[in-house]
Amino acid sequence: MITKINLSVFLLAIVVLLSACKTKLDNPKPDNNGLERAAILSHYANEIILPAYNQFNVKFQLMAIATDSFIAQPNASNLSTLRSAWISAYTEWQKVELFDFGPAEKETLRNFYNIYPADTAGIQANILNSTANLEVPVSFAQQGFPALDYLVNGVGSDRDACLAFYTDTNNGSKRLAYLKRIVTRMNGLLGLVVTNWSTAYKDKFIEKTGLDIGSSTSLMVNGLALHYERFMRSGKFGIPSGAMLNGVIAPEKVEAFYEKEISRTLALSAHQAYVDFFNGKSVKTGLEGPSLKTYLNALDAKDGLTGKSLSQILNEQFAVCKSKMNLLQNNLYEEVKNNNQGMKNVFTEMQAAVRMIKVDMSSAMSITITFTDNDGD
Amino acid sequence: MAKALAFIKSKMKESTSKKAKNKKYQKMRTFIKPFKQISYSISLLLLSLIFTISCKKEIAPKVDNTNLGGIRQTINYNNLTASTPYKSLFLDNKGDTTVNLLLGETKHKMFIALNYYLGAAARDNKATDSSIMRNLFANTNSPFTDIPSLKILGSDLNNSSINLRDLTSSSMASESQNTKTYLNNLFGHLSAISSFVNDTAVKGKAGKLGNYLVDEQGIETAQIIQKTMIGATQVDYICNVLLDKGLEADNKTIISGKNYTQLEQNWDEAYGFLTLNSIYLAGSTDAVKGTTESLLGSYIWEYNKEAYAQIYPAFLKGRAAIANNDMNTLKAQANFIRTQVEKALANAAVGYLAKWKSGATDAARAHAIAEGLGFVYSLRYCKLNGITPLFCDTQLNLLVNTNEGFWDLTNAKINTAIAAISEKFNL
């Protein structure tokens, strides 16, 4: 009897409690197993983000070495090595570009690494001005992988013409110097980001377990949502296909315009890295750990329409996006011109995923999407 | 502890009587009645402990409900809820409301009307006139006209005999004239660049970037004015005047011909200057604003997600404290509101600087940085955080001290300002 009554009183009191501190109690509490955000953040930092940066750094350094060799001896063999190293580093970059929070957001790494199409007129002007400002926004498309794409693959109609660009008696050395300048700058920025992640920021990232605007989870979800929407959906498919611009196609805006055969590979690499990140797949072991997926599952987040788990629905949608990409040929420039419906199909499916990430996932997690402007002015 | 018990008891009574028709609750009542008082108290003790723990972040301080010499009927703080409309509880002995929001709301609407005109050049692609801006600012020459979409009635404002200019930076004698001169110059500047609304802006040339009108340095002047005024009028007057010295006003005498004391009026003026709604941000979630708020009221929601929902209860409780003449409670509420407003301002400054970084176009970057620069200027009104005009001006100089202004901005400059502001405000 007493137990029963005690229980009743407790139940009633809990009702009172709930009404008294509604907003606080609505938030998920980090005391439940799958909801332990510190474990999720730690897994992301130690098993995915840091190892991914390290792997990218290895590929980047190979490209830097190949650049130095080419500068020392601008010949066909060194050009060919540089081109392969560039492809390999650019592909690996796709696996870290999504970490646009913390150190990479601070340095705006993406702005200096992968804004395309390359501004070739700006690049030519910078070649003649060794002190051109490479920090202002107008210079974003004059550096990074897209600028290297132009400098390594696009400055001549064939290999010999590209070599001639650098062996030119008047401007060859300036062109080589610009190549060096860009790679050095990229290297410096990457160094800042990697050092920051491996020292001060990693602990801060794991410790800031809240859900407020400055918390790691909020920064991460915002960065991921922005990345998928603007740089995967729009950048790689929406803009070239014209799906973003009233159907006006822009094939010249595909990623890797001067080495078009790798454009789909880059997109697939980026997409796979994104899916693996969502699922917490360790870069070291290939095994899944605490992640956005496990967190959504622990929250029991469901898709409103089907009642299926949100993480399952998202993974299914990711799979659909991938299958649509697999229907395309490697050269997305040609696809825009000859099979643009295929490009638009990818865009459409990715748009569905955007909604799930930006709306369903963020609200299930009580994360505010801050990168859109809410005030409407 | 006794108070906490009384609170829970009264809550229980309340919810029980409310739902008396509900069978479950009736059953529960019959359980509770014959129940041994001791067990009951132990449960309650435990509960109140849980309550204290789970509501640790509760902002409203626990206070006595005694009336400390107020001339109004005592208001029990426990009767205040987040859904109590601002006017409903505060009555005089005849049952008439003692709340009068007109003064604050008039100032609020003046700001909305001026802001509307500041946006006219970019919105309607037309040249605008600085003398109209100055008149709207000082309420001279009957400048206000009807703006039906914003529910502004020009004649109400024109005939009000009050203006925004007089209260600008009024808490700081040294800054007051500087800010007025600064705004006056900005009005002239905005008017001058408004003749370029049909041009596209490039470095060194005024015109439009997307929907935004920027000057030859790429600065969206209308935003600078708006954000500066949020600080210089709303934040300074609400936080540093009404909710500071304003709390020392008389609370014993009814003002002749009115229904309120000066203290009551000061508090109401602050509320009306912040919001035109009877319940500020009613029904809002982190993702969706539940009410139409403008200017400062909107940015508090956007940039202080942790506390926006607590602002209204604090205003309500402060108003009750005035009725009870309970100055400690009153000051605690004022301090809370001021703290959270300052936090919103700092978050907004940092947030917009960061939006420059993530902006994908010149237009997006220009809009973000102008909002950011305006908020950085307005940080000087964050007195609880000890921010000085010098600190703000130093940041602004670091950001845009070159001839190219916006066009010369770099990530490094933005990061320096973000770091300095974050450190000052402990963000």
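Naming: A, B, ... by sequence-line order, numbering from 1 per chain. Reckoned from all heavy atoms, side chains included, excluding hydrogens, waters and symmetry mates. Worth saying up front: this structure is predicted, and the values here are computed from it rather than measured.
- A distance of 10.0 Å separates CD1 of I414(B) from OG1 of T108(A), quoted to the nearest 0.5 Å.
- Of the possible polar contacts, none joining the D286(B) side chain to the T368(A) backbone as a donor-acceptor pair under 3.5 Å is found.
- When the candidates N347(B), T410(B), V350(B), D362(B) are compared by the number of heavy-atom contacts under 4.5 Å with chain A, T410(B) comes out ahead.
- Here the shortest heavy-atom pairing between I213(A) and E302(B) reads CD1-O, 3.9 Å.
- At a 4.5 Å heavy-atom cutoff, A222(B) makes no contact with chain A through either its backbone or its side chain.
- For a residue to count as touching a neighbouring chain, one of its non-hydrogen atoms must lie under 4.5 Å from one of that chain's; by this rule I367(A) does not touch chain B.
- Contacts between N111(A) and chain B at a heavy-atom distance below 4.5 Å involve the side chain alone, from C-beta outward.
- A heavy-atom distance below 4.5 Å is found between the side chains of P137(A) and W356(B).
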Side chain to side chain contact (heavy atoms under 4.5 Å, CB included) between K106(A) and N415(B): does it pass, once the steps are laid out? CA-CA 7 Å; K106(A) 184 181 176 201; N415(B) 280 344; 3.5 Å; yes
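- Within 6.0 Å of atom NZ in K205(B), more than 12 heavy atoms from other residues, nucleotides or ligands are found, so the atom counts as buried in its surroundings.
- Across K413(B), K357(B), E404(B), K203(B), the residue that shares the most heavy-atom pairs under 4.5 angstrom with chain A is K357(B).
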Take E135(A) and N411(B) through the side chain to side chain contact (heavy atoms under 4.5 Å, CB included) test and state the conclusion after the steps. CA-CA 7 Å; E135(A) 293 190 51; N411(B) 196 45; 5.7 Å; no
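- Summarising the geometry, atom NE2 belonging to H227(A) is positioned 14.5 Å from atom OG belonging to S358(B); distances are rounded to the nearest 0.5 Å.
- Note: S218(A) OG to K305(B) NZ = 10.5 Å, rounded to the nearest 0.5 Å.
- With a 4.5 angstrom heavy-atom cutoff, R365(B) touches chain A only via side-chain atoms.
- Proximity to chain B (any heavy atom under 4.5 Å) is restricted, for R230(A), to the side chain, taken from C-beta onward.
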